[in-house]
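Worksheet for the structure shown next.
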Amino acid sequence: MTVEQVSIESIFHEMGFKSSTDYAIRKAQEELLRELKVCNGRIEVFEKKYGMTYMEFDRLFNELTQFGLFEREDDIMDWRAEMYVMREVERRLAQLVQ
């Protein structure tokens with residue numbers, strides 16, 4: 001480590017972190033948790049709109065006549081995308097915890 005790196009590391013120590021890596025991991029976790037919260041909020045909008053989970057919606061897709069076909073198709077694609085993003089965020093968060 002150079003003298004500059006040592007003084008930078010001391011700043012992180014003074015802030016209560018073990019290292020700059022520890023700080024970076026904490027900030028990444030905070031960002032992923034924020035992203036997860038946004039994702040969950042978007043998923044909750046769909047769950048509230050249809051009164052069911054994604055799995056139920058997917059199973060009953062063709063029986064939901066109170067909503068138009070184009071609206072349901074748009075929603076299922078957006079909902080599926082949010083579920084995928086949520087799983088990816090959870091996966092990355094789990095990797096940081098290890």
Side-chain angles (χ1 to χ4, degrees):
M1 271 192 192
T2 66
V3 173
E4 186 175 306
Q5 288 172 320
V6 171
S7 64
I8 290 172
E9 285 297 315
S10 68
I11 293 170
F12 290 108
H13 289 287
E14 290 170 12
M15 293 171 62
F17 297 96
K18 296 175 187 170
S19 65
S20 57
T21 301
D22 185 42
Y23 174 82
I25 289 170
R26 176 79 54 88
K27 290 302 174 184
Q29 286 173 327
E30 289 173 6
E31 179 60 26
L32 289 170
L33 288 171
R34 185 201 61 75
E35 194 173 336
L36 194 58
K37 185 176 180 179
V38 169
C39 240
N40 281 327
R42 290 178 181 150
I43 289 169
E44 285 175 9
V45 168
F46 289 117
E47 289 176 344
K48 189 172 187 175
K49 178 178 180 177
Y50 291 100
M52 62 186 74
T53 65
Y54 173 79
M55 297 300 282
E56 293 168 312
F57 180 73
D58 189 39
R59 185 172 44 83
L60 300 172
F61 182 82
N62 291 317
E63 298 172 28
L64 301 172
T65 57
Q66 69 269 37
F67 301 96
L69 179 60
F70 291 122
E71 181 179 8
R72 285 180 286 147
E73 285 177 345
D74 283 346
D75 285 349
I76 200 167
M77 286 186 296
D78 292 343
W79 200 345
R80 186 181 301 128
E82 286 300 328
M83 299 291 287
Y84 175 79
V85 169
M86 184 181 69
R87 284 191 298 271
E88 283 301 302
V89 169
E90 288 172 339
R91 182 189 61 75
R92 289 186 283 165
L93 195 53
Q95 285 179 321
L96 284 176
V97 174
Q98 295 177 359

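- Under the 4.5 Å side-chain heavy-atom criterion for Ile, Leu, Val, Met, Phe, Trp and Tyr, V38 and M86 are members of distinct hydrophobic clusters.
- Under the ring pair (Phe, Tyr, Trp, His ring centres under 6.0 Å) criterion, Y54 pairs with W79, sequence neighbours left out.
- Among pairs with a residue in residues 88-98, those fulfilling salt bridge (charged side-chain N to carboxylate O under 4.0 Å, His left out) read E35-R92, E88-R91, at least two apart in sequence or across chains.
- Partners of Q29 according to the side chain to side chain contact (heavy atoms under 4.5 Å, CB included) rule, which considers only residues two or more places apart in sequence or in another chain, are I25, R26, L93, L96, V97.
- Listed by first and then second residue, the salt bridge (charged side-chain N to carboxylate O under 4.0 Å, His left out) pairs that reach into residues 61-74 are K49-E71, sequence neighbours excluded.
- In this structure, CG in L69 is found 8.0 Å from CG in N62, a value given to the nearest 0.5 Å.
- A distance of 10.5 Å separates CZ in F12 from OG in S7, rounded to the nearest 0.5 Å.
- By the 6.0 Å contact criterion, CZ on F61 is enclosed, its count of non-hydrogen atoms from other residues, nucleotides or ligands being greater than 12.
- Rounding to the nearest 0.5 angstrom, the gap separating the NZ atom in K27 from the CD atom in E30 is 4.0 Å.
- Under the salt bridge (charged side-chain N to carboxylate O under 4.0 Å, His left out) criterion, the residue pairs touching residues 77-87 are R42-E82, with sequence neighbours excluded.
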F46 and I76: side chain to side chain contact (heavy atoms under 4.5 Å, CB included), yes or no, with the steps?
-> CA-CA 9 Å; F46 289 117; I76 200 167; over 6 Å; no
Exercise answer: donor-acceptor pairs, residues 14-23 side-chain atoms, under 3.5 Å, sequence neighbours excluded:
{"from": "S19", "atom 1": "OG", "to": "T21", "atom 2": "N", "distance (Å)": "3.3"}
{"from": "S19", "atom 1": "OG", "to": "D22", "atom 2": "N", "distance (Å)": "3.1"}
{"from": "S20", "atom 1": "OG", "to": "E9", "atom 2": "OE2", "distance (Å)": "2.5"}
{"from": "D22", "atom 1": "OD2", "to": "K18", "atom 2": "N", "distance (Å)": "3.2"}

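- L60 is not listed as a side-chain neighbour of Y50, based on a closest heavy-atom distance of 4.5 Å or more.
- Residues forming a salt bridge (Lys or Arg N to Asp or Glu O under 4.0 Å) with E31 (at least two apart in sequence, or on another chain): R34.
- Between atom CZ of residue F57 and atom CZ of residue F67 there is a gap of 8.0 Å, rounded to the nearest 0.5 Å.
- Residues satisfying the side chain to side chain contact (heavy atoms under 4.5 Å, CB included) criterion with Q66, sequence neighbours excluded, are L64.
- Residues L33 and I43 share a single hydrophobic cluster, defined by chaining ILVMFWY side chains whose heavy atoms lie under 4.5 Å apart.
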